[in-house]
2 protein chains.
Amino acid sequence: MDGSAPRRTRIQQEKRELILEAALEVFSTNGFRGSTIDQIAEAAGMSKPNLLYYFRRKEDIHETLMQRLLDTWLAPLRELDDIGDPLTELRSYIRRKLEMARDFPRESRLFANEILQGAPRIKPMLEGELKTLVDEKAAVIKGWMRAGKIVRTDPWHLIFSIWATTQHYADFDVQVRAVLGADRGGDGRFEDAARFLEQLFLDGLKPKG
Amino acid sequence: MDGSAPRRTRIQQEKRELILEAALEVFSTNGFRGSTIDQIAEAAGMSKPNLLYYFRRKEDIHETLMQRLLDTWLAPLRELDDIGDPLTELRSYIRRKLEMARDFPRESRLFANEILQGAPRIKPMLEGELKTLVDEKAAVIKGWMRAGKIVRTDPWHLIFSIWATTQHYADFDVQVRAVLGADRGGDGRFEDAARFLEQLFLDGLKPKG
DNA sequence: CTAACGTTTGTCCAACCGGTCAAAAATTTG
DNA sequence: CAAATTTTTGACCGGTTGGACAAACGTTAG
């Protein structure tokens, strides 16, 4: 197998970027099967055969998009480090994840779509690379628990809960904005969410004493 | 407008149930556009024209499914009541939601699919019925905060976080099982999740003192 | 200029998909 | 039973979709 990237002209690089950007928009709102090559081509400002000159199959676009996504998507977790104060580390992990939901909602939805449908294309990666990474970070968290820096609990489910609460603001954005209404559903909702999540994860709901 | 339900024969009722059950399976894993009438018909054990005799359009099936879903889906929140101890009420709301994720994962995924795609078919309901219900319950929670029964925080985001963390175990089930691995990803994962969530929502991560 | 190479387009196709229709089969009703 | 009604089926249709292809167009290098 040849792992080297194919040589590409300047035009090819630019057009491929254009297509991927358009495809991200279309796939993330319609899902894979719900999106058509024509839609992507139009969003990218080119004809369908022209698009197929750069990506020979619809699936190739999706696959390329997915590979790129996964790298950046797990970056915040990779940064979770053993140096520094545990509570501060966790707090900034939550903050980073929430910022990703705010700044890259389309990527979040693309990922959610894939998982919802049973992750047919990335299951191996979930069971391999992702599991390894999470296990590794769970061990770090367990160390913090042993040291009494944070409460003893299940590190895996802790990570799940951080994923769930932060990605919720990207994946369920329509619902969040609908429920908050016009006045509170504006740009401030991410700051409100950040404040709430910090409080929840650090102190919970039970009053002191 | 005639709001009365059409008269139906015994066969019609049974077959319609069969179709809805099959459609729930298919729609929840492939999304609306990703599902074909043929798939649903085959899953229901009948021919496509036969299915179309009971539901004249693909959309009618989805709509019927959606209406039923919404009633039961919000039942746990409706039960959240002002009588009884606030912390107990919240704890059992979380437990009920988690049980729904465990027992009705397809319904959860169907709903998630709809929201992910921008809720084209149920946006009015989100902005109307749902918002009203959530606002009402947020007021109840605010009362608990004023009474010092739970910590002061944002009730809307609190509700979001409960939705997010519990539905995560249905919508992202593949990922959860992949990360937990064969040994911990079995049936016990919901009990582990319940324990973790209770601890998180009540006490947070910060050690006492 | 011209040959080689990279890019774009129009046309076409086979498969699929949602839905129709008439006629056959099964069931209910009198 | 027979008539009326409901259910099931096979054949069919028009529109869409992913993708192929050759020809035209543009660009670059000798």
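Reckoned from all heavy atoms, side chains included, excluding hydrogens, waters and symmetry mates.
Distance CG (B:Asp38) to P (D:dT9): 13 Å, rounded to an integer number of Å. Rounded to whole Å, the distance from CD on A:Gln39 to P on D:dT16 is 13 Å. What separates CD of B:Glu14 from C1' of D:dT6 is a distance of 14 Å, to the nearest Å. Between the P atom of C:dT7 and the CD atom of A:Gln13 lies a distance of 11 Å, rounded to the nearest Å. Summarising the geometry, the separation between CG on B:Leu52 and P on C:dC17 is reported as 14 Å, rounded to the nearest angstrom. In this structure, A:Arg16 places its CZ atom 15 Å from P of C:dG6, rounding to the nearest Å. C:dG19 atom P lies 10 Å from atom CD1 of B:Ile40, rounded to whole Å. Regarding B:Lys15, its NZ atom lies at a distance of 9 Å from the P atom of D:dT7, rounded to whole Å.
Checking A:Arg56 against A:Thr36, the closest nucleotide of DNA chain D that is more toward the 5' end is the one next to A:Thr36.
Residue B:Gln12 places no side-chain N or O under 4.0 Å from the OP1 or OP2 atom of D:dT6. Close to C:dT7, at under 4.0 Å from its OP1 or OP2, lies a side-chain N or O of A:Tyr53. Contact check, A:Ser47 against C:dT8: no side-chain N or O comes under 4.0 Å of OP1 or OP2. Dashed line: the shortest gap from a side-chain N or O of B:Asn50 to OP1 or OP2 of D:dT7 is not under 4.0 Å.
Closest approach to the B:Arg57 side chain among C:dG19, C:dG10, D:dG18 is made by C:dG19 (side chain taken as heavy atoms from C-beta onward). The side chain of A:Tyr54 approaches C:dT7 more closely than any other nucleotide in the set C:dT9, D:dT7, C:dT7.
Seen from the ring of B:Phe55, B:Arg16 counts as a face-on cation partner, given the 6.0 Å and 45° thresholds. Judged by the 6.0 Å and 45° rule, A:Lys137 forms no cation-pi pair with A:Trp156.
Heavy atoms of B:Lys48 sit under 4.0 angstrom from at least one base atom. No contact: B:Phe55 has no heavy atom under 4.0 Å from any strand. Backbone-only contact: A:Ile37 has heavy atoms under 4.0 Å from sugar-phosphate atoms and none from a base.
Judged purely by atom type and a 3.5 angstrom limit, A:Lys15 has no side-chain atom pairing as donor or acceptor with the backbone of A:Tyr54. Looking only at distances, a side-chain donor or acceptor of B:Glu114 sits under 3.5 Å from a matching main-chain atom of B:Arg121.
A salt bridge does not link A:Asp192 to A:Arg189: none of the charged side-chain nitrogens sits closer than 4.0 Å to a carboxylate oxygen.
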